[in-house]
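Given the structure is predicted, the values throughout are model-derived calculations rather than measurements. Nothing fancy with the numbering, it's 1 onward along the sequence. Just follow the structure's listing: the first ligand is 1, and inside any ligand the first atom is 1.
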Amino acid sequence: MISFSPKTALPTLLRLAPLGAVCLWAQPAAAQNLIENSTFDGTEIGPWWTHADTSKAAAQTVEVVEGRMCSTVLEGEQGENPWDVILGYSGVELLPNQYYRVSLTASATVDREIRVKTGLGEAPYTDYILQKLKVTAAPQTFTFTYLNLRGNPEAQVQFHIGDYPGQLCLDDIVLEPVAAPVVPAHVTPSTTGMPLKAHAAWVKMGTAVDTPIFLTNPLHNSIVAGEFSAITPANSMKMNNIQPSKDVFDFTDTDALYAWANQNGLEFRGHPLIWHTQAPGWVTDDTTLTRDPMLEIMFKHIDGVTAHYPNLPYWDVVNEAIDYDKDAATWTFRPTIWHDRIGPDFIDLAFLRARQDAPNAKLLYNDYNIEQMGNPKADRVFELVKDMRSRGIPVDGIGLQSHYYIRPDGNPVEGVPSIQAIRDNMARYADIGVEVHITECDFRIGKPSDAAKEELQRAFYADLLQACVDAPNCSHFTVWGLSDLDSWVPSTFPEYDFAHIFDANLAAKPAYQAMAQVFAPLSLEGPPPVSGTGGGPGDGGTPPAGTSGGGCTFQPAPFGARVPWQAALVGALGLSFWLRRRSSRAHSEA
Ligand code: XIL
């Protein structure tokens, strides 16, 4: 073994590769290794233990082979339930807010992805995969550091190795506390020289951030802080995570993200308060819950989460509540735990409660396939929002998730949007005084990728951003994850990947550069205030004529300077700007 000091090696590594990447180097001796049997020099694997899901008849033997812990799995299928076969170690004391280094050497007779997790001791405990490692026949040493958030006196270390046949051998397993890694300084990859956030006065760029990559990858965090103005927690605020047991909130993960966002001057978006997906078992499985107890649960959840984060500027109050009813052949309320147990007024009641709890926040209804005017779901949701506002229900904005795609066969028939239809949709929301936020944008590519598909992706991101820049009521554009390294797409849509604006090496893609080009001609100061309307960026503004109540303030986006020759006209004609803007836009697109 080549040995060198980890203190000198770590910063060098950070300059070379993101933490969490595969690093091929020899291990230094581990002075503080919390794992006792780590080199398997004897004949026993203990205290390591194994777990295989016997219901699936996965069979596994584990033994020491040539100084390594080797597990042989006899049954199962690749890609299925990697958590069904586990190599684990219990009783590790983990300290809160402490960085740890995980390192191991691994090889496998059949290529396999293994997953690393720590935690699962005393509740509340960490319960997510920290890293996925691609193990091959050639022994590789993998090293990453992570920030452990929760004190856990009896934590486990788990390797989920998958229930498909083959032998996997692990050696030199290290878990040791280390100093915080150096965060690499951000140098924008933009060919314009300006990061995406430079033009926040026009549109604030945001990204979803998931907990595991946030805890393990300083380069990822550096790019997010360097390029974006806002983040949305990808999972940590979902009800299963933030209220895992009845009336027991676990804010640990979201607090860490929130504190980091504040330190870096990033807006933090609340997502989501009420959603049927990723709801905890104590709600979903209890079929005895009728309207009143469900209302109590809903109100307590909204109260609890908003009270803990009283200053968030935006909340996705209700997520994905509209769906197609095949029997009735119509778009209507999705049958969910909330709708079915409370009734369709759960949406109104959630917004009213959120307004009461978070009077200064903008409240959004968030959904997918609602971006394009003329799409039946989009039209149905527009009617929903319009109706809510006409009845005084405080919905301030619409979250257009904007998950788009190009099919594996390259046929753009369904997944590639009409940008004009999106512009029209944004305009009709402006007409009723509703803000539009792009909340979860991505463009997944049906495998295999090719140049034509990548070009569609590049054009999509740029054109959608341009539509947001041009729309007076579109102030935010959030991408759903920074990069292909940490994407929700492959596990959700197995035929798709490569959805994001940075690649799996965290390098900027053409889509990123195209977005930077959209911003490039715009002033950094943002558009000048539009006289007579009270509407500069971020300073409130006058609702357009005909806006229904609902206690919402409308922030006209700074459209005047977006098309400079219009600015004077707008100033002179005040509130009638809405109509003129739309006709001028039609002009510029003709
Ligand atoms: C996704 C997360 O990104 C994944 O990590 C998770 O496994 C599932 O949820 N619509 C939403 C988001 O509102 O919260 C979803 O996020 C993507 C679809």
(message) Around atom CD of Glu495, are there more than 12 heavy atoms from other residues, nucleotides or ligands closer than 6.0 Å?
(response) no
(message) Check this for me: does any side-chain nitrogen of one of Lys197 and Glu227 sit under 4.0 Å from a carboxylate oxygen of the other?
(response) no
(message) If we set the cut-off at 4.0 Å for heavy atoms, which region of Trp275 has an atom near ligand 1: side chain, backbone, both, or neither?
(response) side chain
(request) Can you measure from NE2 (His271) to OG1 (Thr439) and round to the nearest 0.5 angstrom? (result) 7.5 Å
(message) Polar contacts were defined as any N/O atom of the residue lying under 3.5 Å from an N/O atom of the ligand; does this apply to Trp488 and ligand 1?
(response) no
(request) Please write down residue, atom name and distance for the protein heavy atom closest to atom 3 (O) of ligand 1. (result) Trp480 NE1, 2.9 Å
(message) Looking at Lys238 and Asp253, is there a salt bridge between them, counting it only when a charged N and a carboxylate O are closer than 4.0 Å?
(response) no
(request) Could you tell me which atoms of ligand 1, counted from 1 in the order shown, lie closer than 4.0 angstrom to a heavy atom of Asn319? (result) 11 (C), 13 (O)
(request) May I ask you to decide if the ring planes of Phe460 and Phe443 are parallel, tilted or perpendicular, using 30° and 60° as cut-offs? (result) tilted
(message) Return the CD to CE distance between Gln466 and Met515, rounded to the nearest 0.5 Å.
(response) 11.0 Å
(request) May I ask you to identify the nearest protein heavy atom to atom 15 (C) of ligand 1, giving residue, atom name and distance to one decimal place in Å? (result) Lys238 NZ, 3.6 Å
(request) Return the residue, atom name and 0.1 Å-rounded distance of the protein heavy atom closest to atom 8 (C) of ligand 1. (result) Gln278 OE1, 3.3 Å
(request) Distance to 0.1 Å, residue and atom name: give those for the protein heavy atom nearest to atom 18 (C) of ligand 1. (result) Glu440 OE1, 3.4 Å
(message) For atom 4 (C) of ligand 1, which of the options Asn235, Asp210, Thr211 provides the nearest non-hydrogen atom?
(response) Asn235
(message) Under a 4.0 Å threshold between the charged nitrogen and the carboxylate oxygen, would Asp127 count as salt-bridged to Arg150?
(response) no
(request) For the pair Asp396 and Lys362, find out whether any cationic side-chain nitrogen is under 4.0 Å from an anionic carboxylate oxygen. (result) no
(request) Check Thr277 against ligand 1 and report side chain, backbone, both or neither, counting heavy atoms closer than 4.0 Å. (result) neither
(request) Select one of side chain, backbone, both or neither to describe which atoms of Thr492 lie under 4.0 Å from any atom of ligand 1, heavy atoms only. (result) neither
(request) Considering the heavy atoms of Glu320, write down every atom of ligand 1 situated less than 4.0 Å from one of them. (result) 10 (N), 11 (C), 13 (O), 18 (C)
